[in-house]
*Asks:* 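I'd like to ask you about the structure that follows.
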Amino acid sequence: MVKIIVQKFGGTSVADGEGRARAIERILAAKAEGYQPVVVVSAMGRKGAPYATDTLISLVKEINPEVNPRELDLLISCGEIISTVVMAHTLNSMGHPAIALTGGQAGIKTDANFGNAQILEVDPMPILRQVMEDKIVVVAGFQGIAPDGSITTLGRGGSDTTATALGAALQAEVVEIYTDVDGVMTVDPRVEPEAKILEEISYREVCEMAYQGAKVIHPRAVEVAMSRQVPIRIKNTFSDAKGTLISQSAAERVITGIAHLTGLSQVRVLSSRDGQQNWQLVRVKLFRVLAEKGISVDVISVLPDGVYFTVSQADGFKACQYLHEAGFACELVENCAKVSVIGAGMQGVPGVMAEIMETLYSAGIDILQTSDSDITISFLVPESQLKEAVHVLHRKLGW
Ligand code: ADP
Ligand code: ASP
Ligand code: MG
């Protein structure tokens, strides 16, 4: 019986020879422990690096920002393909038989929703055939193949999803996600230097953190792993820290972490100029206006005297313009950020909101709007106050 481990290395981990050497150490260590490693790689480096996803995008967007989505996917899939060949070639040159596969060659079948394709099916056979020959299979992350043979991509950050989808299809014992931080932390360490590592976290909590902006893992990757109960371990390619185990059985806390999203605009639609009588109906219609223009909304508050919601900064101006044209009076507040406090155990616990509100008030943070779900409370704040809001909450909420 083969014991498969899926090991995914992110962009910074494979950016240069030093990172790739560390990655190879991890692969060989897994082999020495009796695992058959299946490796998933991202494109090499971040924005500015020659083969990074953002660099490839700018190559065509500089010519004309309207790019055919099928062709854009074909282009950006190359970043991961380059990375697989470099990794497999390095392994082969060191005497460890390896083979590079595109997502399609590895059996990842998707729909044809270019730029954000969903995985429909993973055929495990192409990889298993190579594993049986004792080869280290290096798969290009972030991509699959559509029914008509076109190459698709899975959405930004989608190599994580490749890893967990392969983990599920190959019945891997664990999926290891190697990145540039020591694991899932209580908050993004780039925003809050006092961030602490979480040794364990449940699928539900990490999925919510990811949806609320914690980029350390892609939310869809967590959903795939959760549906098939594949354990995930997030680790640092560059350190020997134990990392974070994501599983069903992790104890859920009242507050687990803080996540944030930037680049938002708040739209405020005030009571209709048609008069209060009509307002009930009118405020229903305004969402249809935006839906028909393909603008998605978040942090929504529908109140008797106004409707407040957020859109991405890129859509803010257009959203107001469409609403004005449809007869609504609206205001745009740009440069907003959403700070979310997440904890699966907060439901029904009195005092969480009180503590957060007092903390933000004492620090002079402007709360523009709030929203909540069963495991999250979110605050919209001016982006200029984001760091301070995260910092005071992080201190106050127990870390
Ligand atoms: P990779 O290229 O390895 O996929 P990403 O940049 O996609 O790496 O994700 C890692 C980054 O996620 C970290 O550098 C960190 O800044 C960010 N991050 C955001 N929130 C968190 C969090 N709660 N815990 C750890 N990292 C986080
Ligand atoms: N290279 C892709 C991106 O930058 C996918 C990934 O890194 O997961 O979004
Ligand atoms: Mg990532």
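Because the structure is a prediction, the values reported are computed rather than measured. In listed order, ligands and their atoms are each counted from 1.
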*Asks:* Is the shortest side-chain N to carboxylate O distance from Asp180 to Arg46 below 4.0 Å?
*Replies:* yes
*Asks:* Looking at residues at least two apart in the chain, or sitting in another chain, which of them share a side chain to side chain donor-acceptor pair (under 3.5 Å) with Ser202?
*Replies:* Glu252
*Asks:* Mind checking side chain to side chain donor-acceptor pair (under 3.5 Å) for Glu80 and listing every partner two or more places apart, or none if nothing turns up?
*Replies:* none
*Asks:* Based purely on interatomic distance, does Gly11 place a nitrogen or oxygen under 3.5 Å from a nitrogen or oxygen of ligand 1?
*Replies:* yes
*Asks:* Within a 6.0 Å radius of atom CD on Glu71, are there more than 12 heavy atoms belonging to other residues, nucleotides or ligands?
*Replies:* yes
*Asks:* Roughly how far apart are Lys135 NZ and Gln130 CD, rounded to 0.5 Å?
*Replies:* 5.0 Å
*Asks:* Pick out the protein N or O atoms lying less than 3.5 Å from any N or O of ligand 2, and list each pair with its distance.
*Replies:*
from, atom 1, to, atom 2, distance (Å)
ligand 2, 1 (N), Thr53, OG1, 2.6
ligand 2, 1 (N), Glu80, OE2, 2.7
ligand 2, 4 (O), Thr53, OG1, 3.3
ligand 2, 4 (O), Arg156, NH2, 2.9
ligand 2, 7 (O), Ser42, OG, 3.3
ligand 2, 8 (O), Gly157, O, 3.4
ligand 2, 8 (O), Gly158, N, 3.4
ligand 2, 8 (O), Ser159, N, 3.0
ligand 2, 8 (O), Ser159, OG, 3.2
ligand 2, 9 (O), Arg156, NE, 2.7
ligand 2, 9 (O), Arg156, NH2, 3.4
ligand 2, 9 (O), Gly157, N, 2.8

*Asks:* Is there at least one pair of N or O atoms, one from Lys8 and one from ligand 1, spaced under 3.5 Å apart?
*Replies:* yes
*Asks:* From atom 25 (C) of ligand 1, work out which of Gly183, Ala214, Ala15 has a heavy atom at the shortest distance.
*Replies:* Gly183
*Asks:* Check this for me - ligand 1, Met185, N or O atoms closer than 3.5 angstrom, yes or no?
*Replies:* yes
*Asks:* Under the ring pair (Phe, Tyr, Trp, His ring centres under 6.0 Å) rule, collect the residues that match up with Tyr178, sequence neighbours excluded.
*Replies:* Phe9
*Asks:* Can a side-chain donor-acceptor contact be found between Glu208 and Tyr203 if the only test is distance below 3.5 angstrom?
*Replies:* no
*Asks:* Taking Asp240 first and then Arg26, would you say they form a salt bridge - that is, a charged N and a carboxylate O separated by under 4.0 Å?
*Replies:* yes
